[in-house]
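Scroll down for the structure; my scribbles are underneath it.
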Number of protein chains: 2
Amino acid sequence: MKRQVIPAAKPVRWLNNHEWSAWLHLMATFTLLPAAIDSQLEREAGMSHFEFGVMAALSRQPGRRLQLKDLAVVANGSLSRLSHVISRLERQGWVRRMSGANGRATNAELTDKGYSKLMKAGPIHFAEVRRLVFDVLTPEEVKELRRVTSRINAALIPETNLGPLARRTRAGALRQSS
Amino acid sequence: MKRQVIPAAKPVRWLNNHEWSAWLHLMATFTLLPAAIDSQLEREAGMSHFEFGVMAALSRQPGRRLQLKDLAVVANGSLSRLSHVISRLERQGWVRRMSGANGRATNAELTDKGYSKLMKAGPIHFAEVRRLVFDVLTPEEVKELRRVTSRINAALIPETNLGPLARRTRAGALRQSS
DNA sequence: CTGAATAAGTTGAAACGTCAAGTTATTCCA
DNA sequence: TGGAATAACTTGACGTTTCAACTTATTCAG
């Protein structure tokens with residue numbers, strides 16, 4: 001049986017067997033793990049993982065507030081997506097918008113209600129993360145995972161277009177949390 | 001009656017620094033890599049990564065056809081999602097539905113048009129995968145990646161509910177490709 | 001053999017993300 | 001100083017995914 005999945009028609013460098021296998025596993029993890037995390041968080045804490053990420057990012061800022069453009073970057077989302085999400089979070093009373101430093105800036109601020117919601121969600125979320133990821137890996141593997149993903153990100157982030165702004169902003173915005 | 005003197009501050013095992021850092025990177029990769037892959041494939045080959053996966057899976061089957069329930073499993077998607085996607089692919093003329101063995105089974109079959117479309121998409125896709133993932137990793141790291149993700153999947157898949165059928169079907173359906 | 005339970009798909013509505021277009025504020029520079 | 005360009009959003013429409021409900025076929029118990 002031929003190991004190559006799709007016969008290479010053209011003189012293109014194909015994936016070798018190791019790579020192909022790695023890719024299959026990686027894609028499965030990509031698909032299944034976020035789905036699992038997300039649906040558990042939705043069920044048991046009433047928020048999506050992206051919403052959790054946004055609120056968690058806010059909670060770590062001085063004054064629990066951050067300008068949307070920066071928040072978009074730390075949350076790995078587009079400004080548009082963030083704007084929609086902030087609207088949803090506002091409707092729940094977990095976040096409020098405040099006009100920022102200069103007139104075109106908008107800050108999102110985590111409310112007390114949002115903070116306590118987040119405090120309840122945190123343990124639920126991290127217990128699941130631990131169960132699904134860290135409990136099945138050795139400490140050595142955790143290090144490998146960190147190293148490999150950070151390498152991939154390093155190559156990926158510079159060319160990510162979360163708007164042309166991301167490139168500049170990301171470095172500063174992430175500095176404190178890496 | 002139990003008197004609780006001091007409220008438990010952190011009754012939950014938290015993530016340690018290594019784990020937290022690994023988790024941040026993992027989540028970023030989760031978010032950014034599929035988005036990058038997907039949008040490039042959409043732009044340059046006119047299909048989503050999920051559609052590509054579905055068609056690639058079909059192309060490997062004898063007769064280039066597979067029953068939907070099995071296809072759903074190998075594509076890591078729900079039956080409902082798959083049904084919608086097959087409808088789209090049918091509209092493009094890349095796949096057709098055929099009634100399967102027993103009356104309630106439906107097979108999806110890759111058409112010639114679909115096959116040649118796939119052959120064009122393959123190199124485009126894999127070049128990008130290589131560029132974003134394998135070119136930035138050492139062979140050693142590729143092995144680590146494979147090992148770590150396959151471990152995570154092993155724990156994850158058994159409890160995945162892509163319908164109660166997944167558990168049984170997956171083992172058989174995946175056997176040939178691992 | 002008959003009715004109940006389950007399996008396999010389909011479908012429509014609601015929720016979410018993306019994309020393009022629109023708004024307002026700020027900066028640039030001639 | 002006065003446009004033009006750009007930045008920081010917001011909004012609405014569109015496509016996709018999920019969820020629940022529904023159909024039809026098959027299996028199983030008695």
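This is a predicted model, so every value here is computed, not measured. Naming: A, B, ... by sequence-line order, numbering from 1 per chain.
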Between the side chains of B/E144 and B/R147, is the shortest nitrogen-to-carboxylate-oxygen separation below 4.0 Å, so that they form an ion pair?
no
Let me check something: any side-chain donor-acceptor pairs from residues 96-105 of chain A under 3.5 Å, sequence neighbours excluded? List them with distances.
residue, atom, partner, partner atom, Å
A/R96, NH2, A/E109, OE2, 3.4
A/R97, NE, A/E90, OE1, 3.1
A/R97, NH2, A/S83, O, 3.3
A/R97, NH2, A/S87, OG, 2.5

Is any side-chain heavy atom of B/F30 closer than 4.5 Å to one of A/T29?
yes
Salt bridge (charged side-chain N to carboxylate O under 4.0 Å, His left out) against A/R81, all qualifying residues, sequence neighbours excluded
none
Under the rule for side-chain contact (heavy atoms from CB on, under 4.5 Å), what residues qualify as partners of B/Q92, not counting sequence neighbours?
B/W94
State, yes or no, whether a side-chain contact exists between B/I86 and B/V54 at a heavy-atom distance under 4.5 Å.
yes
Quickly work out the A/K69 NZ to D/dA7 C1' distance and round it to whole Å.
9 Å
Side-chain touch A/Y115/A/T111, heavy atoms, less than 4.5 angstrom:
no
Euclidean distance, atom CG of residue A/L82 to atom P of C/dC16 [Å, nearest integer]
15 Å
What is the separation between atom CD1 on B/I86 and atom P on C/dT10, rounded to the nearest whole Å?
9 Å
Kindly state whether the ring of A/W20 and the ring of B/F134 have centres lying under 6.0 angstrom apart.
no
Can B/R130 and A/E19 be counted as an ion pair, charged N to O under 4.0 angstrom?
yes
Atom CG of A/L79 to atom P of C/dT23: distance rounded to whole Å?
18 Å
Rounded to whole Å, the CG-P distance (B/L71 to C/dA8) equals 14 Å
Does anything in residues 94-108 of chain B reach DNA chain C, meaning a heavy atom under 4.0 Å, and if so which residues?
B/R97, B/R104, B/A105, B/T106
Generate the contact string for nucleotides 13-23 of chain D. Rules: B means base contact, S means sugar-phosphate contact only, - means no protein heavy atom under 4.0 Å.
---SSBB----
Distance only, no hydrogens: is a donor on one side chain within 3.5 Å (strictly under) of an acceptor on the other, for B/R64 and B/S59?
no
Counting C-beta onward and ignoring hydrogens, is there a side-chain heavy-atom pair between B/L71 and B/V74 closer than 4.5 Å?
yes
Could you give me the stems involving DNA chain D, meaning stretches of three or more consecutive Watson-Crick or G-U wobble pairs whose two defining distances are both below 3.5 Å?
C:1-30 with D:1-30
With a 4.0 Å limit, can you tell me whether A/S83 has a side-chain N or O closer than that to the phosphate oxygens OP1/OP2 of D/dT10?
yes
